[in-house]
Protein chains: 2
Amino acid sequence: MRQVAKRSQLTELEGAALGIVLRAGACTPYAVRRAFGGSPSRFWSGSAGAVYPLVRRLERRRLFAARADRRDGRARRLLSVTPAGRRAFEAWLLDADRAADLGFDPLRTRLFYSDLVPAARVAGFLERTAAAMAAGRGPPRPDLPHAMRLHESWCRLRSGALEEFRKSKRRR
Amino acid sequence: MRQVAKRSQLTELEGAALGIVLRAGACTPYAVRRAFGGSPSRFWSGSAGAVYPLVRRLERRRLFAARADRRDGRARRLLSVTPAGRRAFEAWLLDADRAADLGFDPLRTRLFYSDLVPAARVAGFLERTAAAMAAGRGPPRPDLPHAMRLHESWCRLRSGALEEFRKSKRRR
DNA sequence: ACCCACATGTAATGGGTTACATGATTTA
DNA sequence: TAAATCATGTAACCCATTACATGTGGGT
């Protein structure tokens with residue numbers, strides 16, 4: 001899965017990066033990396049090779065502004081979102097067509113093809129998956145109540161879908 | 001978002017491609033493209049530049065076998081899955097750790113940052129998104145009942161999450 | 001005749017991953 | 001003092017996207 005991005009439209013990663021800096025008020029590219037890395041999905045890894053070029057890209061497009069800061073010896077750059085950046089962020093977030101897209105779910109993909117594998121092995125797989133989901137990393141940003149509710153309700157719904165699938169297999 | 005793929009581990013796209021050919025018994029790379037393109041998510045576009053090199057890759061790794069076929073003038077290649085291919089497919093599908101990953105959902109991402117946008121605009125966005133999800137492309141592969149059930153239950157789940165979020169906003 | 005679907009591919013480009021490189025500060 | 005964390009970046013690689021190129025077969 002890759003980013004789509006018609007000319008000048010923000011990618012998912014870029015939109016999220018603007019959101020992170022907007023929420024923080026101002027922060028370093030490193031903090032953006034941490035925020036991505038703390039996500040409960042491996043698809044938001046926040047690798048250096050992704051984040052630093054992304055930040056430079058958004059600076060060139062005047063959506064980020066950066067100022068140097070070396071209050072404590074460390075040379076860091078503090079990012080903030082420009083007015084144009086905020087407008088781009090809102091346009092990205094409020095795009096209902098992109099929001100409606102089903103996205104990409106490794107569990108859904110596997111269930112879709114699970115009829116091609118012996119049922120006994122699938123049953124074991126479903127059990128292990130349910131366990132891994134339950135044991136999965138805790139909720140991201142416990143400091144943000146709305147984000148926690150969202151994370152919880154998403155996990156609950158996914159577990160629900162998995163249980164529904166297991167029941168329908170047993171019934172058959 | 002990019003594929004992860006530790007050396008010799010199948011990517012999501014590769015696993016799904018094996019699944020498509022296993023289900024068809026034998027089919028052309030073009031049919032694999034169609035299958036990807038018919039997916040309800042834009043993240044499975046099935047572009048030529050993705051599928052043809054992918055097929056060659058899996059041929060080199062002896063997971064696909066190809067034979068030429070020109071029964072009706074058209075020069076086509078018929079793919080089949082080798083025994084090693086089936087083993088790789090099962091290992092890919094039965095990977096509970098990868099299945100448990102939350103994946104990548106454009107709606108979830110936007111809800112996560114929605115507190116940064118004026119509530120009135122978010123309300124309109126949620127309504128448009130609900131409408132777009134309802135009007136979205138129909139279910140994929142109505143010929144496969146298990147796939148249809150899965151698709152339906154997944155859409156229902158996402159709509160449920162959206163409604164839950166809207167209610168929690170209204171309560172506030 | 002023309003267009004659409006079938007069918008196979010390549011080239012340029014974009015962008016994410018892994019791994020590496022460097023250095024300061026904090027903590028065990 | 002050694003390790004972890006903060007902090008910034010680059011280089012090689014992989015792979016998906018867009019756009020292009022080429023040709024056949026069937027329907028209007």
Side-chain angles (χ1 to χ4, degrees), chain A residues 1-17 21 24 26-39 41-61 64 66-79 104, chain B residues 1-17 21 24 26-39 41-61 64 66-79 104:
Chain A
M1 151 209 41
R2 282 287 318 298
Q3 309 293 29
V4 188
K6 287 177 189 158
R7 201 150 318 281
S8 93
Q9 201 182 224
L10 295 178
T11 64
E12 295 293 294
L13 220 62
E14 289 167 349
V21 178
C27 69
T28 64
Y30 183 73
V32 174
R33 286 189 62 194
R34 293 290 89 174
F36 278 132
S39 152
S41 163
R42 278 173 223 167
F43 291 93
W44 298 93
S45 78
S47 61
V51 172
Y52 288 103
L54 177 149
V55 166
R56 292 294 181 182
R57 228 151 56 218
L58 296 187
E59 277 181 70
R60 275 199 300 275
R61 288 163 64 180
F64 273 152
R67 61 178 189 280
D69 174 274
R70 29 172 73 255
R71 274 197 306 267
D72 39 314
R74 278 205 189 90
R76 47 156 80 104
R77 285 155 32 78
L78 279 175
L79 301 172
F104 186 83
Chain B
M1 163 190 41
R2 279 288 317 298
Q3 309 291 29
V4 189
K6 286 176 191 158
R7 194 137 339 265
S8 92
Q9 200 183 224
L10 294 178
T11 65
E12 295 295 292
L13 220 60
E14 289 167 347
V21 178
C27 68
T28 64
Y30 182 74
V32 174
R33 284 189 65 195
R34 294 290 88 172
F36 278 132
S39 153
S41 164
R42 277 172 225 169
F43 290 92
W44 297 93
S45 78
S47 61
V51 172
Y52 289 103
L54 177 150
V55 166
R56 292 294 181 181
R57 230 152 54 219
L58 296 187
E59 276 182 71
R60 274 199 301 276
R61 288 163 66 181
F64 273 153
R67 62 176 187 281
D69 174 274
R70 29 172 72 256
R71 273 198 306 265
D72 39 312
R74 279 204 188 90
R76 47 157 80 105
R77 283 154 36 78
L78 279 175
L79 301 172
F104 186 83

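Letters A, B, ... mirror the listed sequences (proteins, then strands); counts begin at 1. Note that the structure is predicted; figures quoted are calculated from it, not measured. The figures here come from the full heavy-atom set of this structure, side chains too, leaving out hydrogens, waters and symmetry mates.
Distance, A/Phe43 CZ to D/dC15 C1': 14 Å, rounded to whole Å. Rounded to whole Å, atom C1' of D/dA7 lies 12 Å from atom CG of A/Leu79. In this entry the distance linking CZ of A/Phe36 with P of C/dG15 reads 14 Å, nearest Å. The distance from atom CH2 of B/Trp44 to atom P of D/dA16 is 10 Å, rounded to the nearest whole Å. Atom-to-atom, CZ of B/Arg71 to C1' of C/dA7 comes out at 14 Å; the value is rounded to the nearest Å. Per the geometry, CZ belonging to A/Arg34 stands 14 Å off P belonging to D/dA4, to the nearest Å. Going from atom CZ of A/Phe104 over to atom P of D/dC15 covers 14 Å, rounded to whole Å. In this structure, the CG atom of B/Leu10 is 16 Å from the P atom of D/dC14, given to the nearest Å.
Taking every heavy atom of residues 50-60 of chain A and every atom of DNA chain C, pairs under 4.0 Å involve A/Ala50, A/Arg57, by number.
Each of D/dA16, D/dT8, C/dT8 was ranked by its minimum atom distance to the side chain of A/Arg33; first place goes to D/dT8. Comparing D/dG25, C/dG9, D/dT8 against the side chain of B/Arg74 picks out D/dG25 as the nearest. Closest to the side chain of A/Tyr30, from the set D/dG9, C/dG9, D/dA7, is D/dA7.
A/Val32 and A/Ala17 make their closest contact through CG1-CB, 4.3 Å (heavy atoms, listed as atom of the first residue, atom of the second, distance). Minimum interatomic distance between A/Ala66 and A/Leu79 (heavy atoms only, all atoms of both residues): CB-CD2, 3.9 Å.
Listed for the B/Arg33 side chain is a donor-acceptor partner under 3.5 Å among the backbone atoms of B/Gly46.
Atom CZ of residue B/Arg77 and atom CG of residue B/Asp69 lie 11.5 Å apart, to the nearest 0.5 angstrom. Between atom CG of residue B/Leu58 and atom CZ of residue B/Arg56 there is a gap of 12.0 Å, rounded to the nearest 0.5 Å.
Ring planes of A/Phe104 and B/Phe43: perpendicular class, angle over 60° (limits at 30 and 60°).
For the pair B/Ser45 and D/dT17, the criterion of a side-chain N or O lying under 4.0 Å from OP1 or OP2 is met. Put simply, A/Arg77 has a side-chain N or O that comes within less than 4.0 Å of OP1 or OP2 on D/dG9.
When side chains are defined from C-beta on, A/Arg61 counts as touching A/Leu10, because their heavy atoms get closer than 4.5 Å. Side-chain atoms of B/Phe64 and B/Arg57, non-hydrogen and from C-beta on, never get closer than 4.5 Å to each other.
Residues meeting the side-chain contact (heavy atoms from CB on, under 4.5 Å) test with A/Ser45, sequence neighbours left out: A/Ser47.
Among the protein residues, B/Thr28 comes within range of the sugar-phosphate backbone only, with heavy atoms under 4.0 Å from sugar or phosphate atoms but none that close to a base.
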Can you check nucleotides 19-22 of chain C for protein contacts, nitrogen or oxygen pairs under 3.5 Å, and list what you find?
none

